[in-house]
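Quick note on labels: first sequence line is chain A, next is B, and so on, each numbered from 1.
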Protein chains: 2
Amino acid sequence: MTGSPHLRRPATLASLAAELGVSRTTVSNAYNRPDQLSAPLRERVLEAARRLGYPGPDPVARSLRTRKAGAVGLLLTEALSFAFRDPGATGFLEGLALACEKAGTGLLLVPVSPEHSDVDAVYQAGVDGFVVYSVSEDDPHFQAVLQRPLPTVVCDQPSGVQGVDRVGVDDRAGMLALGRHLSGLGHRRVGVLCMRLGARRQDGPADLDRQTGSTYSVQRERLAGLRDAFDEVGVDWADVPVHERFEHSEEAGAAGAKALLDARPDITALVCTSDLLAIGALREARERGLRVPEDLSVAGFDGIPEAERIGLTTVRQPFRDKGREAGRLLLERGDRNTSEQVTLPTELVEGTTSRALRQSGEFFSGW
Amino acid sequence: MTGSPHLRRPATLASLAAELGVSRTTVSNAYNRPDQLSAPLRERVLEAARRLGYPGPDPVARSLRTRKAGAVGLLLTEALSFAFRDPGATGFLEGLALACEKAGTGLLLVPVSPEHSDVDAVYQAGVDGFVVYSVSEDDPHFQAVLQRPLPTVVCDQPSGVQGVDRVGVDDRAGMLALGRHLSGLGHRRVGVLCMRLGARRQDGPADLDRQTGSTYSVQRERLAGLRDAFDEVGVDWADVPVHERFEHSEEAGAAGAKALLDARPDITALVCTSDLLAIGALREARERGLRVPEDLSVAGFDGIPEAERIGLTTVRQPFRDKGREAGRLLLERGDRNTSEQVTLPTELVEGTTSRALRQSGEFFSGW
DNA sequence: CTGAAAGCGCTAACAT
DNA sequence: ATGTTAGCGCTTTCAG
């Protein structure tokens with residue numbers, strides 16, 4: 001396999017046409033509308049192209065002319081590489097990739113450093129539309145996307161703008177179900193470990209203002225759902241310790257659980273707003289000799305494979321379907337002008353990390 | 001958050017210039033060379049842009065003019081979605097994404113259905129270069145990439161062409177080390193489970209011709225390395241059963257191991273050319289009541305996190321570094337004309353799934 | 001079935 | 001510091 005001389009100064013459609021003594025249209029047609037010229041002529045064109053090393057019409061020039069890029073852009077909160085570490089994001093990406101594949105569309109991962117605020121990358125992306133995955137509502141990159149006159153679908157966040165489609169789950173309802181599960185088991189002294197609530201790094205207790213004022217709707221909604229559930233049984237949410245972690249990782253979960261349990265060793269259930277955090281929390285519980293679920297119930301949210309494997313009590317959501325749906329919304333939108341909102345179902349998974357409270361708490365009055 | 005009127009017929013640089021009564025250059029400069037015009041004028045331009053909803057220079061038109069797309073294309077063997085399932089590919093992608101992020105470059109996943117041979121997507125990609133990850137040497141998509149006059153780096157395959165950079169590991173040496181480890185433990189009756197050797201689906205025994213004629217260099221090299229190792233101790237490779245599986249998954253590993261062990265229940269060691277296959281093989285071993293490593297040694301190749309977790313004997317390779325290196329090669333190439341070849345190190349990991357053979361085999365004469 | 005003309009929206013010399 | 005002039009490489013009416 002020796003291949004062609006690489007990186008040769010490329011021929012153009014025009015130079016090919018000149019060489020052959022035909023018009024540019026004819027060459028163009030040879031590639032794009034084979035039915036518009038005779039088979040022999042077409043073969044002559046293609047043969048000459050091969051000979052001159054013409055790789056076919058330049059995609060950028062074609063895009064400019066046709067106003068189609070043949071790709072969709074994906075904007076993620078975190079550093080790009082995060083997409084390949086977070087199991088939820090990975091599932092979403094897989095679904096989105098599936099949809100793109102099916103449509104023969106490229107998927108452009110837009111480079112975004114969370115700190116380094118180079119919104120430029122968004123303006124530079126040659127795409128036909130954007131998918132925005134779980135970013136803060138006031139994220140400048142997201143704002144930049146909205147500036148571009150392109151169809152956009154957001155996932156796990158409010159669409160914010162007319163004409164922007166949305167796909168997500170009912171986080172509040174999902175968490176309400178989980179909260180009821182725990183309150184039904186008799187838990188009244190509960191602690192909460194959640195993901196970042198603001199763009200600025202902050203690790204530690206999150207007061208009520210911070211909870212309700214979060215620009216991350218997913219976290220806001222999940223916390224609200226949990227609050228709903230415990231309101232129902234008369235627990236004052238002001239007494240519920242909520243601990244926030246900026247990073248989303250097992251380590252962060254372990255560290256957050258440690259801080260939470262150090263401050264409030266009396267809690268009987270620890271609810272984490274993601275499985276990754278919950279898995280870290282389980283580790284910390286083990287670390288300090290707490291048996292789960294005997295001494296402490298632990299629950300997560302997401303239903304990632306690892307959680308399933310270890311039997312975590314959680315709320316399962318269909319990541320892959322969310323990605324696929326986002327792709328469908330973007331790629332199969334005719335020329336509608338309406339915004340679509342797709343809400344996918346969640347499912348409570350009662351695992352082995354939660355169980356009914358024994359009569360240990362003076363607040364407990366069930367059964 | 002109400003946002004701007006979305007999907008309005010967009011203004012252009014020219015229309016903005018006309019509106020302001022300045023030249024197009026001035027508007028262009030306002031965006032690209034702020035130092036080329038007075039601050040007040042620049043502000044006037046930007047303000048008008050805001051007012052007219054001009055989102056800044058069209059990226060496609062700019063790309064055409066500057067001959068820079070600001071993105072690199074990634075070509076994968078499998079369906080795009082595979083990238084998010086295979087732990088090796090995920091690691092590679094993470095590294096590549098890291099490099100792109102650092103350079104502020106987009107990463108375009110080129111849609112490729114393995115069956116559906118629409119090479120078009122390759123010709124349509126508006127990118128400044130390509131990374132090709134572990135595809136068959138005769139893959140038509142790869143051939144299409146070579147057609148394009150763009151810098152290209154391949155990973156885990158021979159570069160094949162002058163001017164194409166390569167990053168990879170020494171698969172043969174890595175497998176040689178693993179083979180020696182096993183032969184050193186006294187194993188002589190060994191079975192091999194490998195990944196696909198050809199573009200056409202084929203599951204079952206692979207004879208010598210198929211092994212050496214494979215268009216997947218990684219598999220070819222790994223098999224050769226193993227053969228080297230057993231040649232050294234006088235094992236006739238013709239007697240070594242090699243079983244091939246088209247799919248790369250745990251399920252395939254389990255199924256392959258089943259077939260292999262059904263046919264040759266006498267083997268004392270099972271070498272898989274990937275960890276994923278090995279993990280499936282372990283499952284099958286358990287299934288049929290074989291103890292590992294007492295009754296059967298099992299080894300893999302790759303060093304994926306899951307393998308590490310369960311203590312698999314394997315050869316670790318630095319996936320993330322491969323991705324990062326591929327990105328670096330593409331993005332930080334000056335205007336060199338030479339091809340670079342980067343070979344990253346592998347490391348034998350002696351896990352708990354391999355152990356010295358007890359005196360059970362009549363061929364064994366060690367100690 | 002083929003060709004001529006007209007841009008898509010922008011940037012980069014080169015003036016002024 | 002700002003404007004003028006030429007395209008980047010392609011597709012697409014519209015005539016022949």
Side-chain angles (χ1 to χ4, degrees), chain A residues 8-46 48-49 52-70 120 123-128 148-150, chain B residues 8-46 48-49 52-70 120 123-128 148-150:
Chain A
R8 168 202 337 84
R9 184 101 219 91
T12 71
L13 184 145
S15 72
L16 223 195
E19 174 85 12
L20 281 163
V22 301
S23 82
R24 304 202 298 282
T25 308
T26 301
V27 179
S28 177
N29 282 340
Y31 285 95
N32 303 316
R33 308 173 150 186
D35 53 316
Q36 295 297 294
L37 73 178
S38 64
L41 176 55
R42 171 154 198 260
E43 198 33 65
R44 246 183 80 216
V45 172
L46 266 29
L52 272 66
Y54 175 66
D58 180 285
V60 175
R62 165 186 282 164
S63 283
L64 175 58
R65 188 57 239 237
T66 60
R67 312 266 64 199
K68 292 234 139 301
D120 279 6
Y123 289 115
Q124 293 277 29
V127 296
D128 300 319
R148 302 238 355 222
L150 295 172
Chain B
R8 166 201 337 85
R9 185 100 219 94
T12 72
L13 185 146
S15 72
L16 224 194
E19 173 86 11
L20 281 162
V22 302
S23 83
R24 302 202 299 277
T25 307
T26 300
V27 178
S28 177
N29 283 339
Y31 286 95
N32 303 317
R33 310 173 144 185
D35 53 316
Q36 295 297 293
L37 72 176
S38 62
L41 177 53
R42 172 154 198 258
E43 199 32 66
R44 245 184 80 214
V45 173
L46 265 30
L52 271 67
Y54 176 65
D58 180 286
V60 175
R62 164 186 281 164
S63 283
L64 176 58
R65 188 56 240 237
T66 61
R67 312 266 64 198
K68 294 233 138 300
D120 278 6
Y123 290 115
Q124 294 278 27
V127 296
D128 299 318
R148 303 242 350 227
L150 295 173

Visitor: Given atom CZ of B:R24 and atom C1' of D:dT4, what is their separation to the nearest angstrom?
Guide: 9 Å
Visitor: Consider the side chain of A:R62, meaning its heavy atoms from C-beta on, and name the nucleotide among D:dC10, D:dT2, C:dT11 that approaches it most closely.
Guide: D:dC10
Visitor: Give B:V60 one of three labels, base, sugar-phosphate or nothing, depending on what nucleic acid heavy atoms sit under 4.0 Å from its own.
Guide: nothing
Visitor: Could you check whether B:N29 and B:T25, counting side-chain N and O atoms only, form a donor-acceptor pair closer than 3.5 Å?
Guide: no
Visitor: For the pair made of CZ in A:R33 and C1' in D:dT13, what is the distance, rounded to whole Å?
Guide: 10 Å
Visitor: I want to confirm an ordering. Mapping B:A14 and A:S23 to their closest nucleotides on DNA chain C, which one lands closer to the 5' end?
Guide: A:S23
Visitor: Starting at atom CZ of B:R65, determine the distance to atom C1' of C:dT11, rounded to an integer number of angstrom.
Guide: 5 Å
Visitor: Are A:D35 and A:R42 close enough, and set up right, to give a salt bridge (charged side-chain N to carboxylate O under 4.0 Å, His left out), and what steps lead you there?
Guide: CA-CA 9 Å; A:D35 53 316; A:R42 171 154 198 260; over 6 Å; no
Visitor: How close or far is atom C1' of D:dT11 from atom CG of B:L64, stated in whole angstroms?
Guide: 13 Å
Visitor: What nucleotide among D:dT2, C:dG3, C:dT2 has an atom nearest to a side-chain atom of A:T25?
Guide: C:dG3
Visitor: Could you tell me if the side chain of A:L150 sits less than 4.5 Å from the side chain of A:D128, heavy atoms only?
Guide: no
Visitor: Tell me: CD of B:Q36 to P of C:dC14, nearest whole Å?
Guide: 15 Å
Visitor: With the side chain counted from C-beta on, respond yes when B:P55 and A:P149 share a heavy-atom pair under 4.5 Å apart, and no when they do not.
Guide: yes
Visitor: Does B:Y54 put a side-chain nitrogen or oxygen below 4.0 Å from OP1 or OP2 of C:dC10?
Guide: yes
Visitor: Give the rounded distance in Å between these two atoms: CG of B:L37 and C1' of C:dT11.
Guide: 15 Å
Visitor: What integer distance in Å separates B:D58:CG from C:dC8:C1'?
Guide: 9 Å
Visitor: Would you please confirm or rule out a distance under 4.0 Å between OP1 or OP2 of D:dT11 and any side-chain N or O of A:N29?
Guide: no
Visitor: Would you indicate, yes or no, if D:dT12 has its OP1 or OP2 atom less than 4.0 angstrom from a side-chain nitrogen or oxygen of A:T66?
Guide: no
Visitor: At under 4.0 Å, does any side-chain N or O of A:S28 touch on OP1 or OP2 of D:dC10?
Guide: no
Visitor: I need the CG-C1' distance between B:L41 and D:dT2, as an integer number of Å.
Guide: 8 Å
Visitor: Tell me if a side-chain donor or acceptor on B:S63 pairs with a main-chain N or O of B:P59 at a distance below 3.5 Å.
Guide: yes
Visitor: OP1 or OP2 of C:dG9 less than 4.0 angstrom from a side-chain nitrogen or oxygen of A:R67, does that happen here?
Guide: yes
